[in-house]
Amino acid sequence: MNSMSDNLIDQLLISAKTIAVVGISNKPERDSYKVANYLQAHGYRVLAINPQQAGNEILGEMCYPSLRLAVQATGLEVDIVDCFRKAEDIPAIFEEAQQVNAKSIWMQLGIVNERVEQLARASGMQVVMDRCTKIEHKRLHHILE
């Protein structure tokens, strides 16, 4: 499981400019909000994806109901699809990530979907499972808070 080395994860984080946070919350105490806030503070463009919050702003970004609509509205390329959803929701997110030509799919801590990992790798997409973008960025870039 999760065969991506620190070097590959670091390269992914260094090269990424736009990160779609799927399942972002508008509640500051939630991990998805904290991670998106951290990513913004470190220079990433965050695309907020949450059907329940569509049309509202979260962290100053318009929230979209889907990846497809976010890409359509912004014209941005998605480097990382950062998933804050249950493992059983990942296949549908992966399909949409493919449709928008996302470069990678990242499943947060506790989220593993090996079938999607196989499909994504076979399609040329990079995959990270059971890791946090904020934790990995801080660790690999020696950031202390």
Counting C-beta onward and ignoring hydrogens, is there a side-chain heavy-atom pair between I58 and E61 closer than 4.5 Å? no
Compare all side-chain heavy atoms of C63 with those of I49 and state whether any distance is below 4.5 angstrom. no
Does L109 offer a backbone N or O that forms a donor-acceptor pair with the side chain of D130 under 3.5 Å? no
Show your reasoning for whether side-chain contact (heavy atoms from CB on, under 4.5 Å) applies to S104 and V128. CA-CA 8 Å; S104 65; V128 180; over 6 Å; no
Output, in order, the C-alpha distance, side-chain angles, deciding distance and verdict of side-chain contact (heavy atoms from CB on, under 4.5 Å) for L12 and L8. CA-CA 6 Å; L12 178 58; L8 286 172; over 6 Å; no
Between the side chains of E29 and K34, is the shortest nitrogen-to-carboxylate-oxygen separation below 4.0 Å, so that they form an ion pair? no
Is there a donor-acceptor pair closer than 3.5 Å between any side-chain N or O of D10 and the backbone N or O of L140? no
Closest non-hydrogen atom pair, C132 against V35: SG-CG2, 3.8 Å
Not counting sequence neighbours, list each pair that qualifies as a ring-ring contact (aromatic ring centres under 6.0 Å, His included) and has a residue in residues 12-56. Y38-H42, Y38-H137, H42-H137, Y44-H137
Could you tell me which residues satisfy side chain to side chain donor-acceptor pair (under 3.5 Å) with N7, sequence neighbours excluded, listed by chain and number? none
Side chain to side chain, N50 and N26, heavy atoms closer than 4.5 Å: no
For a 4.5 angstrom cut-off between non-hydrogen side-chain atoms, does I90 reach I111? yes
Flag if over 12 foreign heavy atoms under 6.0 Å of CZ, R139: yes
R131 (side chain) donor-acceptor with M107 (main chain) under 3.5 angstrom: no
I105 with I135, same ILVMFWY side-chain cluster at under 4.5 Å: no
Quick one: ring-ring contact (aromatic ring centres under 6.0 Å, His included) pairs with a partner in residues 82-126, sequence neighbours left out? none
With sequence neighbours excluded, residues passing salt bridge (Lys or Arg N to Asp or Glu O under 4.0 Å) with K27: none
Please test E114 against M129 for side-chain contact (heavy atoms from CB on, under 4.5 Å), starting from the C-alpha separation and ending with a verdict. CA-CA 9 Å; E114 290 169 355; M129 296 192 298; 4.2 Å; yes
Within the structure provided, determine whether R115 and L119 are in side-chain contact (heavy-atom separation under 4.5 Å). yes
Can you list every pair that meets ring-ring contact (aromatic ring centres under 6.0 Å, His included) and has a residue in residues 108-136, with sequence neighbours left out? none
Specify the closest pair of heavy atoms between S32 and S25, including all atoms of both residues, with the distance to one decimal. OG-N, 2.9 Å
Should D31 and K134 count as an ion pair when the cut-off is N to O under 4.0 Å? no
Side-chain donor-acceptor pairs of residues 64-83 under 3.5 Å, sequence neighbours excluded:
| residue | atom | partner | partner atom | Å |
| --- | --- | --- | --- | --- |
| S66 | OG | L69 | N | 3.1 |
| S66 | OG | E96 | OE2 | 3.3 |
| T74 | OG1 | A70 | O | 2.8 |
| T74 | OG1 | L76 | N | 3.2 |
| E77 | OE1 | K103 | NZ | 3.0 |
| D79 | OD1 | K103 | NZ | 3.1 |
| D79 | OD2 | K17 | N | 2.7 |
| D79 | OD2 | T18 | N | 2.9 |
| D82 | OD1 | Q108 | NE2 | 2.9 |
| D82 | OD2 | Q108 | NE2 | 3.4 |
| D82 | OD2 | T133 | OG1 | 2.8 |

